There are 2 protein chains.
Amino acid sequence: MARTASLSGFPEWLPQERLVELHVLDTLRKTFELHGFSSIETRAVETVGQLLRKGEIDKEVYGLSRLQDDEGEASRSTTTDKADKADPNALALHFDLTVPFARYVVENAGYLAFPFRRYQIQKVWRGERPQEGRAREFTQADIDVVGDGELPFRYDVEIALVIAEALSALPIPDFRLRINNRKLAEGFYRGIGLTDTAGVLRSIDKLEKIGEGKVAELLKSELGASDEQAALALKLATIRTEDTSFVDQVRALGVTDDLLEEGLSELQQVIEAAVQRAPGKVVADLSIARGLDYYTGTVVETVLVGHEQLGSICSGGRYDALASKGNRKFPGVGLSIGVTRLVSRILSQELATATRAVPTAVLVALNNDDSWSAAQDVAAQLRGRGIATEVAAKAEKFGKQIKFADRRGIPFVWFTDDDGKHQVKDIRSGAQVDADPASWSPSEEDLHVRVITA
Amino acid sequence: MARTASLSGFPEWLPQERLVELHVLDTLRKTFELHGFSSIETRAVETVGQLLRKGEIDKEVYGLSRLQDDEGEASRSTTTDKADKADPNALALHFDLTVPFARYVVENAGYLAFPFRRYQIQKVWRGERPQEGRAREFTQADIDVVGDGELPFRYDVEIALVIAEALSALPIPDFRLRINNRKLAEGFYRGIGLTDTAGVLRSIDKLEKIGEGKVAELLKSELGASDEQAALALKLATIRTEDTSFVDQVRALGVTDDLLEEGLSELQQVIEAAVQRAPGKVVADLSIARGLDYYTGTVVETVLVGHEQLGSICSGGRYDALASKGNRKFPGVGLSIGVTRLVSRILSQELATATRAVPTAVLVALNNDDSWSAAQDVAAQLRGRGIATEVAAKAEKFGKQIKFADRRGIPFVWFTDDDGKHQVKDIRSGAQVDADPASWSPSEEDLHVRVITA
């Protein structure tokens with residue numbers, strides 16, 4: 001089953017692989033809805049102005065232009081020679097679901113009840129160099145809660161717990177939510193006299209990639225940090241605890257700052273709740289920075305244990321200033337699961353498989369070419385009880401029809417003889433029994449395709 | 001709820017509208033899977049060469065280019081100034097799901113079991129002028145069966161019946177599948193001496209738009225038809241029957257041709273089965289031509305009765321030559337439901353609505369600020385039985401918490417007093433009763449959001 005995508009960075013699944021993806025998507029949807037999140041979708045395109053509002057990410061955006069734009073009816077955006085980042089009205093594909101969601105909230109604020117809880121499962125596109133775990137087209141599954149004016153911190157705690165529950169329900173290895181808080185980090189940097197806190201965060205974000213030594217040099221050369229300041233900033237980033245003991249470890253560094261205190265208290269609340277309600281799934285990890293600069297408090301990345309090199313499979317955090325309408329602010333907190341990254345890993349390592357390749361449980365065989373309509377009647381009866389059924393298209397020899405079912409992975413073949421006597425054969429065991437189309441059912445296990453972990 | 005999309009042609013739904021769309025999508029998926037169709041998705045992009053292989057439609061295609069393409073690592077396609085239809089390797093968004101499916105079948109032929117039955121529900125994009133029923137981004141739900149080398153005609157019959165069943169399960173007005181056959185039409189034109197049969201079809205396709213007189217003129221001026229030939233071609237297009245009597249009506253026109261006979265026989269089989277298995281849902285309509293030229297036999301359009309001006313809500317047909325790999329041919333037959341067109345109509349005319357605006361059935365109120373964790377325990381018990389539940393974020397006055405539930409459309413509020421006594425209130429009736437979180441459930445009607453027709 002290992003195939004190469006015909007277009008690098010644009011993965012496509014075979015039908016039996018898609019069943020695994022569908023199982024992941026269905027499981028996420030069910031968990032999100034059980035927690036009261038509403039489904040929405042936003043259009044795939046945003047204006048370039050909207051997408052680049054927060055900067056930093058323009059390199060990854062796919063712009064759109066109509067191939068044959070000669071009708072004089074195009075909007076201004078498509079009359080340029082090229083989808084152009086200089087034209088804020090040009091259209092481009094969204095690169096995440098948070099920025100479009102913020103735009104949706106502002107546009108529809110008059111129709112939504114706040115705090116607004118939504119989940120959103122859609123494709124996003126980034127023109128990055130494709131590599132393992134990094135595609136150009138991929139599916140994200142996001143949950144967010146957005147408030148009108150204010151949003152209680154408790155939602156930061158809740159979002160982390162919902163995601164831990166959702167991930168626990170998937171056929172994936174054990175995972176860890178690594179949580180930090182921007183206020184904690186920024187307050188700390190301020191407290192030691194480094195005022196360009198965003199700059200420090202950006203350097204710290206490179207820790208896993210370039211190592212401590214080089215980050216220290218960056219802090220000194222680019223941000224004017226002293227040896228001591230650089231050492232303290234790095235020291236903070238080494239703190240990682242499974243309980244709230246990080247608080248004492250930070251305090252032991254002897255830095256005082258109001259924002260730092262606020263961040264410590266917030267992170268403490270998240271970790272406290274997680275220790276109780278999602279034990280072993282969450283760690284306080286003060287190295288987590290998150291590149292995107294719209295986060296203002298809680299920040300989260302998630303690793304699969306034993307698959308750390310895959311990168312974060314679920315990220316996000318608190319953003320207090322992403323969406324606003326005049327003086328009205330819509331603070332939010334949310335997390336985004338990298339569905340394609342997870343499914344790719346499940347498939348490539350065969351962590352889970354579908355019990356069969358097709359939804360079909362029963363193939364109704366044809367006794368002769370005139371029996372197609374009678375076979376459809378049998379099929380309709382079975383479908384009426386939720387049994388996925390197809391009818392053979394040709395009255396080939398029974399051996400051939402059985403082979404057809406076998407090749408497609410259909411477990412049962414139904415026969416009706418000229419006298420109207422019905423039998424059903426389990427082609428895996430060969431057992432064939434009399435059966436009534438009005439009452440026969442396969443076992444629970446065979447009724448629907450299931451996805452089972454290896 | 002009537003809102004204008006902020007970007008013309010890119011509709012977005014409010015959460016309660018999305019529930020209607022989800023119901024439509026879930027219903028289609030369930031029907032398709034009951035009939036043994038496998039889910040697949042294809043990437044949103046194809047190469048321009050692939051998309052324009054069959055010509056005619058380049059005006060509608062959105063090309064892609066990376067906004068900031070300065071890294072020297074881009075594929076050849078993105079190094080041009082503009083997504084360019086002259087460059088067959090350039091990327092563009094797909095405009096339907098049939099062409100991508102054909103490409104997918106050819107690429108994955110070695111991994112698929114034929115005849116391959118698939119459904120595919122995805123967004124497609126067309127850069128057309130937006131108008132009622134015609135968006136630039138919209139969702140299609142397709143089913144197709146593709147064979148390897150040959151595909152029995154019976155699948156043409158089956159596909160029509162599956163679609164009739166799927167549409168019947170939706171909260172939409174009555175509908176009619178209008179079915180014709182290209183072989184019938186082309187054989188007839190050939191039989192009366194008009195050899196540019198594709199040209200005649202293109203003219204006939206304009207019948208509803210420009211009327212008989214102008215089509216006759218087109219046939220004469222552009223295709224060299226005589227008065228009599230034009231009259232006969234138009235006469236054929238007026239035939240419309242709910243049973244197989246169209247056969248005699250065609251024969252009465254006195255034209256003989258082998259291909260015509262083949263087409264008559266095929267269409268007769270479809271109509272015969274439909275009269276029996278989907279009575280009243282299907283008509284033989286010999287005016288149906290379908291613009292796209294990859295169809296080779298059965299062609300279908302579908303109207304909502306009383307909403308004919310909306311255009312076809314489900315179209316497709318037989319294509320014997322869309323997909324091939326060397327000498328290997330993959331003939332197919334399929335139909336595509338215009339989900340966005342249907343959902344737009346359902347919403348704008350309020351043909352169906354969701355019983356509530358959110359998935360949540362129960363809000364667990366907070367007695368005081370320290371009761372959040374205990375409230376989460378109650379919520380977890382309810383969720384364990386499939387009851388969608390959220391927990392209040394703040395211990396406001398009960399009246400305020402009830403108002404919060406009311407504003408969000410949540411029917412039940414759960415209270416736990418300081419002694420651990422539980423009660424649940426139906427905020428619609430005001431009835432409040434003792435309840436055990438380990439066993440209480442709402443009625444079947446309130447358990448999940450349902451979509452009901454007006």
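Quick caveat: nothing in here was measured; it's all calculated off a predicted structure.
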Output the option from [options] having the highest count of non-hydrogen pairs under 4.5 Å with chain A.
options: B:Val362, B:Ile410, B:Leu93, B:Val391; result: B:Leu93
options: B:Asp369, B:Leu363, B:Val157, B:Val449; result: B:Asp369
options: B:His35, B:Glu137, B:Arg408; result: B:His35
options: B:Arg117, B:Arg18, B:Lys123, B:Gln276; result: B:Arg18
options: B:Glu165, B:Arg277, B:His448; result: B:Arg277
options: B:Trp372, B:Phe10, B:Tyr155; result: B:Trp372

Between [Y] and [X], is there a side-chain heavy-atom distance shorter than 4.5 Å?
X: A:Ser39; Y: B:Pro15; answer: no
X: A:Pro359; Y: B:Phe32; answer: no
X: B:Glu390; Y: A:Val145; answer: no

Can a donor-acceptor pair be found, under 3.5 Å and without considering hydrogens, that links the side chain of [X] to the backbone of [Y]?
X: B:Arg66; Y: A:Arg126; answer: no
X: A:Arg407; Y: B:Phe114; answer: yes
X: A:Glu12; Y: B:Glu41; answer: no

Atom group of [X] that falls short of 4.5 Å from chain A, counting heavy atoms:
X: B:Phe153; result: neither
X: B:Ala44; result: both
X: B:Tyr119; result: side chain
X: B:Leu112; result: side chain

Note: A:Arg383-B:Glu33 ion pair, threshold 4.0 Å (strictly below): no
Supply the atom-to-atom distance [X] [atom1] to [Y] [atom2], rounded to the nearest 0.5 angstrom.
X: A:Leu34; Y: B:Ile387; atom1: CG; atom2: CD1; result: 9.5 Å
X: B:Tyr104; Y: A:Leu14; atom1: OH; atom2: CG; result: 5.0 Å
X: A:Ile40; Y: B:Trp13; atom1: CD1; atom2: CH2; result: 13.5 Å
X: A:Leu91; Y: B:Leu7; atom1: CG; atom2: CG; result: 5.5 Å

Find the one option among [options] whose heavy-atom pairs under 4.5 Å with chain B are most numerous.
options: A:Asp377, A:Thr47, A:Val358, A:Leu151; value: A:Asp377
options: A:Leu161, A:Val45, A:Leu19; value: A:Val45
options: A:Glu158, A:Glu46, A:Arg103; value: A:Arg103
options: A:Thr31, A:Leu382, A:Thr389; value: A:Thr389

Side chain, backbone, both or neither of A:Asp406 within contact of chain B (heavy atoms, under 4.5 Å): neither
Part of A:Arg29 within contact of chain B (heavy atom distance under 4.5 Å): side chain
Side chains of A:Ser6 and B:Arg43, donor plus acceptor under 3.5 Å: yes
Partners meeting side chain to side chain donor-acceptor pair (under 3.5 Å) with B:Gln269 (sequence neighbours left out): none
Non-neighbouring partners of A:Lys30 that pass side chain to side chain donor-acceptor pair (under 3.5 Å), sequence neighbours left out: none
